[in-house]
Amino acid sequence: MRTATMCFSILQGPRFKIHTLVNFWSGNFHSWTRTYSNSSKLHGSIVNGLEGGKSKKWTRRPVTTKAEERAKRIHSSKTSSIRHEVFDGAVSTNATLNINKTEINQFQKIQYYDIQKIIAENKDLANLVTVVAFDIETTGFSRENDGIIEFALQVLQGGENSTFQTLVNPERNITNSHVHGITKNMVDRPGVPRMRELIPILLQYVKSHQKPGGFIMWVAHNSRSFDVPFLLSEFSRCSIELPPNWLFLDTIPLARELMKSEGSKLSKISLQALREYYGIPLIGSAHRAMSDVRSLSLIFQRLTYDLKLTMPGLVERSFLGSDIKKKKS
DNA sequence: TGCCAGGCCCTCTTTAGGGCCTT
């Protein structure tokens, strides 16, 4: 049972703004216990060094923004075939996924516009924004000297293959295995992608969940200070630009809002503190990406409910990759 | 000798410093 099973497209019209978002999240409140009661996939076997669950082949969905249609007509299509399969989140090497490099490049070059302005001015936000909770595990805290070793996400609107997870070969030593339990032996093997191999897959995966002409809202805990700067550094090292239709949301400011709200007994704002505050049980190991993503997904839904947040409210609190300061050289 | 992660928030503050949060 997936956490998010309701379709976001039911959220229609500005006069339902508050209730629609609440209804969407609240629908998931009823499913979270069932989610945890059937979460054996988090304890699944290691497949090619990757934590995975039941096998489901990922099939691409057509995405038909006008810009991309134009891009498809323009490019000379040299298609590279990377053999990958998503085991409900774990990347393995058994099936074929066609990655068109030119298409990805064009995808990155879709008009540069004021994403937040466009979303804010659009009355039908539900049909524009895909909300994705994500988490990374890294070799340390330095975005310059450390690398990502695990990536996991969950598309909160649900649907087919709504979760994605993989270990990542950071191509460097791992000195903090005591934190997450991920060792060099686990990532230094053929089935585990490097970031430069994972990013094209990630772009395609996210694109397959993107609404036509829509946007992706990435949600993580402490994303402004940690996850997003790390992601930007990895994209930069791979000479790949962040898609212009991505925006980010940090749940820490939301937790602070809740902490200051009347009647709230929340005293700390760590992921663990929020999980305990909401009575969400830990499934799997803390500091493993997918486990933290599942916790975050439920915490985020509860936060938006408690703070009575609407989608415009979330967009207002979001930020862009360009808002992250680059380290002075 | 100096650096060692970086951003945000709070307060005994703003010409600053300490704590929290992420791995």
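The analysis underlying the following values was restricted to heavy atoms, covering all of them including side chains, and did not include hydrogens, waters or symmetry mates. In what follows, chains carry the letters A, B, and so on, assigned in the order in which the sequence lines appear, proteins first and then strands, with residues in each chain numbered from 1.
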Is there a side-chain contact between A:R143 and the phosphate of B:dG6, meaning an N or O under 4.0 Å from OP1 or OP2?
no
Looking only at atom [atom1], what distance separates [N] and [M], rounded to whole Å?
| N | M | atom1 | result |
| --- | --- | --- | --- |
| B:dT14 | B:dC8 | C1' | 15 Å |
| B:dT1 | B:dG19 | P | 27 Å |
| B:dG7 | B:dT23 | C1' | 16 Å |
| B:dC12 | B:dG17 | C1' | 11 Å |
| B:dT13 | B:dG18 | P | 13 Å |
| B:dC20 | B:dT15 | P | 25 Å |

Rounded to the nearest Å, what distance is computed from the [atom1] atom of residue [X] to the [atom2] atom of nucleotide [N]?
| X | N | atom1 | atom2 | result |
| --- | --- | --- | --- | --- |
| A:K260 | B:dC8 | NZ | P | 14 Å |
| A:D146 | B:dC4 | CG | P | 14 Å |
| A:L231 | B:dA5 | CG | C1' | 17 Å |

Quick check: does any side chain N or O of [X] sit under 3.5 Å from a backbone N or O of [Y], one acting as donor and the other as acceptor?
| X | Y | value |
| --- | --- | --- |
| A:Q157 | A:V131 | yes |
| A:T251 | A:F300 | no |
| A:D250 | A:N222 | yes |

Working to the nearest 0.5 Å, report the span between CG of A:N245 and CD of A:Q210.
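Rounded to the nearest 0.5 Å, the CG-CD separation comes out at 4.5 Å.
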Any Lys/Arg nitrogen of A:R237 or A:E171 sitting under 4.0 Å from an Asp/Glu carboxylate oxygen of the other?
no
Tell me whether the rings of A:Y205 and A:H209 are parallel (<30°), tilted (30 to 60°) or perpendicular (>60°).
tilted
How would you summarise protein contacts on nucleotides 17-23 of chain B per nucleotide, using B for base, S for sugar-phosphate only and - for none, with heavy-atom distances below 4.0 Å?
----BBB
